[in-house]
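What follows is a set of notes on a single structure, which appears directly below.
Both counts, for ligands and for their atoms, begin at 1 and track the order of listing.
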Amino acid sequence: MHEPAPKPPTSDVTPAHIGIIGAGQLGQMLALAGIALGLRFTFLDPSAQAPAGRLGRHIQAEYDDERALEQLTVECDVITLEFENIPVSAVTSVSHHNAIYPGARALAVAQDRITEKQYFESQGIAVAPYAAVDSLESLGTAVEKIGYPAILKTRRLGYDGKGQAVLRTPADLPAAWAQMHEQPAILEQMIAFTREVSIIAVRSTQGELAFYPVGENRHVGGILHRTDIHPDDPAQAQAESSARRVLIGLDYVGVLAIEFFEVEGGLIANEMAPRVHNSGHWTQNGAATSQFENHLRAILGWPLGSTTGKGHSAMLNLIGQIPPRRPILALPGVHLHDYGKEARAGRKLGHINIVADTLNACRVHTAELERVIAAP
Ligand code: ATP
Ligand code: MG
């Protein structure tokens with residue numbers, strides 16, 4: 001990279017050009033929100049089939065390709081990410097020439113499950129008991145400290161529950177360690193939670209903060225299956241205060257999600273995602289301003305939009321296949337979001353948002369939708 005001077009602040013009169021590292025469904029939904037605001041997009045993604053490539057210029061290259069990053073830097077007014085596992089060094093080198101949000105520090109913290117837990121602890125946020133593991137022997141020591149049941153995860157690059165093994169007895173240790181393929185790992189106590197919840201929070205370059213209503217998440221096979229939004233969720237205050245500390249402490253800009261386990265004594269932070277998040281997709285139809293629009297407003301230093309919920313909402317992920325559209329769209333308050341990806345078992349292909357005036361209507365329509373989706 002050899003562009004010397006940092007760029008001047010983005011104008012709010014001429015349309016800004018946004019660079020996004022990654023062109024998957026999150027990039028696509030960011031662009032769909034941003035095109036409505038008059039923004040233009042360039043994406044950097046190695047895949048020729050990347051969904052968001054249809055909505056802007058697509059630079060097909062690896063995420064840390066120096067020349068591609070330089071092109072993005074020169075072409076765009078501000079750069080953001082839809083994917084947290086890009087090398088921190090790439091973000092640092094871009095940051096010398098252009099604004100990039102979130103920044104290197106937030107990424108470095110979120111990329112490693114140990115530094116992430118340490119960061120939560122430094123902010124006074126409770127986490128599950130944990131220990132670092134880098135051999136079968138140290139797994140033995142860790143399990144003595146943590147107890148059974150426990151869950152072994154790779155420190156880096158996990159998603160959708162991949163790279164995880166549950167330990168219930170000493171006999172499970174060798175197979176669990178083998179599953180880590182010699183990568184550094186973390187052993188966590190298995191938390192007997194009552195619910196899993198997450199909060200979507202946003203902070204702008206101007207320091208403005210906003211928080212969405214907390215969502216309750218249900219996973220199937222380690223993949224998010226469904227998010228339900230209950231207005232006045234009792235977890236809201238604690239989730240919001242944790243998110244505020246994380247955002248301010250990291251001088252964070254953009255949308256950030258934090259996943260929690262709810263136990264009797266309150267919330268335990270599981271992990272954070274320094275980007276727009278699957279458990280915030282309901283905001284496209286169920287909130288005054290979507291997480292995608294607010295992320296763009298935040299990185300441009302524009303005023304944030306209201307995060308108020310419109311009624312009772314739920315989101316169902318479409319995994320492995322997109323069901324027939326007619327019976328889905330015939331249901332009231334239903335919004336289909338199809339990412340345009342090739343169908344494959346276990347792959348997130350789309351989601352459906354359900355918005356209703358009453359809790360009961362939301363439940364009934366969601367149950368009906370679950371039946372339609374499960375139908376062969
Ligand atoms: P994703 O990227 O989809 O959020 P991930 O691979 O980063 O997933 P986690 O969020 O850590 O992984 O774990 C996936 C799911 O496994 C959690 O949402 C939860 O249901 C379960 N899980 C993970 N860690 C624990 C734990 N310590 N105690 C109980 N359940 C856990
Ligand atoms: Mg998770």
- prompt: Under the side chain to side chain contact (heavy atoms under 4.5 Å, CB included) test, which residues partner Asp112, sequence neighbours left out?
  reply: Ile114, Thr115, Arg155, Arg156

- request: Taking atom types as modelled, find out whether Thr358 and His312 have a side-chain donor-acceptor pair closer than 3.5 angstrom.
  value: no

- request: Note the single closest protein heavy atom to atom 4 (O) of ligand 1, along with its residue, its atom name and the distance in Å.
  value: Glu271 OE2, 2.7 Å

message: Suppose we measure from atom 6 (O) of ligand 1 to each protein heavy atom; which comes out shortest, and what is that distance?
response: Gly161 N, 2.8 Å

- prompt: Between the side chains of His230 and Glu216, is a donor N or O closer than 3.5 angstrom to an acceptor N or O?
  reply: yes

For residues 137-147, dump all side-chain donor-acceptor pairs below 3.5 Å to protein atoms at least two apart in sequence or in another chain.
residue, atom, partner, partner atom, Å
Ser138, OG, Asp134, N, 2.9
Ser138, OG, Asp134, OD1, 3.2
Ser138, OG, Ser135, N, 3.0
Ser138, OG, Ser135, O, 3.1
Ser138, OG, Ser135, OG, 3.2
Thr141, OG1, Glu137, O, 3.2
Lys145, NZ, Tyr130, O, 3.2

- request: Determine whether the side chains of His295 and Tyr101 contain a donor N or O and an acceptor N or O closer than 3.5 Å.
  value: no

message: Under 4.0 Å from atom 15 (C) of ligand 1, can you find at least one protein heavy atom?
response: no

message: Below 3.5 Å, N or O to N or O, backbone or side chain included: is there any such pair between His277 and ligand 1?
response: no

query: Which one of Val166, Ile186, Ile191 has a non-hydrogen atom at the shortest distance from atom 29 (C) of ligand 1?
result: Ile191

statement: Of Lys348, Glu196, Lys153, the residue with the heavy atom nearest atom 17 (C) of ligand 1 is Glu196

field: For atom 3 (O) of ligand 1, the protein heavy atom that lies nearest, with its residue and separation
entry: Asp160 N, 3.0 Å

- prompt: Which protein heavy atom lies closest to atom 13 (O) of ligand 1, and at what distance to 0.1 Å?
  reply: Gln164 NE2, 3.3 Å

For atom 25 (C) of ligand 1, the protein heavy atom that lies nearest, with its residue and separation: Phe261 CZ, 3.3 Å

- prompt: Counting only heavy atoms on the protein side, is anything nearer than 4.0 Å to atom 21 (C) of ligand 1?
  reply: no

- line: The atom name of the N, O or S atom in Glu271 nearest to the Mg ion (ligand 2) is OE2

- prompt: Looking only at protein heavy atoms, which one is nearest to atom 30 (N) of ligand 1, and how far off is it?
  reply: Phe193 CE2, 3.6 Å

- prompt: Does Leu224 come within less than 4.0 Å of ligand 1, judged by its heavy atoms?
  reply: no

query: Would you call the rings of Phe193 and Phe261 parallel, tilted or perpendicular if under 30° counts as parallel and over 60° as perpendicular?
result: parallel

